[in-house]
Amino acid sequence: MPCADHASCDSCLEPGDSSEGCFWCHASGTCEMASIGTEPFGECEDPSYARGMCACAHHTSCGSCAVATNPACVWIGPAELRGSVEYTNNFFFTSFATRQSMSSL
């Protein structure tokens, strides 16, 4: 199934042949095919590329994120997130580091 035929984040990122290379763009609400290169998500600024990210990505505050109904979600306060995402042979490889200000704890 082409990426564009998936109607939800969970469906888009369901493991299996039909979703390899797909990512969910939260801003547009669409499932898209990643491109090989340094910009695998194109213009999408808020992609999810692993199924576990679907439940957490839409939260905008600690109060809605870090609750018992979202056991997989963790809120990180004011922080700097640096990382890279590489898409090769239908697989995403990621590396991220977070630096949080101690004054915000």
Side-chain angles (χ1 to χ4, degrees):
M1 172 186 301
C3 295
D5 289 350
H6 293 279
S8 71
C9 183
D10 284 331
S11 150
C12 177
L13 303 177
E14 181 71 33
D17 293 339
S18 68
S19 62
E20 285 188 9
C22 297
F23 70 92
W24 183 258
C25 184
H26 293 276
S28 64
T30 57
C31 184
E32 302 176 20
M33 175 62 103
S35 60
I36 295 176
T38 58
E39 304 264 345
F41 308 118
E43 300 291 315
C44 183
E45 294 182 10
D46 59 350
S48 286
Y49 48 87
R51 191 160 187 224
M53 297 171 73
C54 294
C56 303
H58 67 279
H59 295 288
T60 57
S61 72
C62 180
S64 69
C65 171
V67 294
T69 56
N70 300 320
C73 301
V74 176
W75 184 258
I76 299 175
E80 181 179 320
L81 178 65
R82 293 178 186 227
S84 66
V85 177
E86 181 182 332
Y87 176 68
T88 308
N89 298 324
N90 290 337
F91 292 99
F92 289 104
F93 299 95
T94 61
S95 173
F96 289 96
T98 303
R99 185 176 67 195
Q100 188 167 9
S101 168
M102 294 305 287
S103 61
S104 66
L105 295 177

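The figures here come from the full heavy-atom set of this structure, side chains too, leaving out hydrogens, waters and symmetry mates.
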Exercise. Between atom CE of M33 and atom SG of C12, what is the distance when rounded to the nearest 0.5 Å?
Worked result: 10.0 Å
Exercise. Less than 2.5 Å separating the SG atoms of C25 and C31?
Worked result: no
Exercise. How are the rings of F23 and F41 set relative to one another: parallel (under 30°), tilted (30 to 60°) or perpendicular (over 60°)?
Worked result: perpendicular
For this session: Only one of P47, C44, S48 passes side chain to side chain contact (heavy atoms under 4.5 Å, CB included) with H26; say which it is.
Result: S48
Exercise. If you round to the nearest 0.5 Å, how far is OG1 of T30 from NE2 of H6?
Worked result: 12.0 Å
Exercise. Looking at C65, C56, S64, which one forms a side chain to side chain contact (heavy atoms under 4.5 Å, CB included) with W75?
Worked result: C65
Problem set entry | Heavy-atom pair of closest approach, residues P71 and A68 | CD-O, 3.5 Å
Problem set entry | Straight-line distance of E14 CD to S8 OG, nearest 0.5 Å | 9.0 Å
Exercise. Could you state the interatomic distance from CG (D10) to CE (M53), rounded to the nearest 0.5 Å?
Worked result: 12.5 Å
For this session: Report yes or no: is the SG-SG distance between C22 and C3 under 2.5 Å?
Result: yes
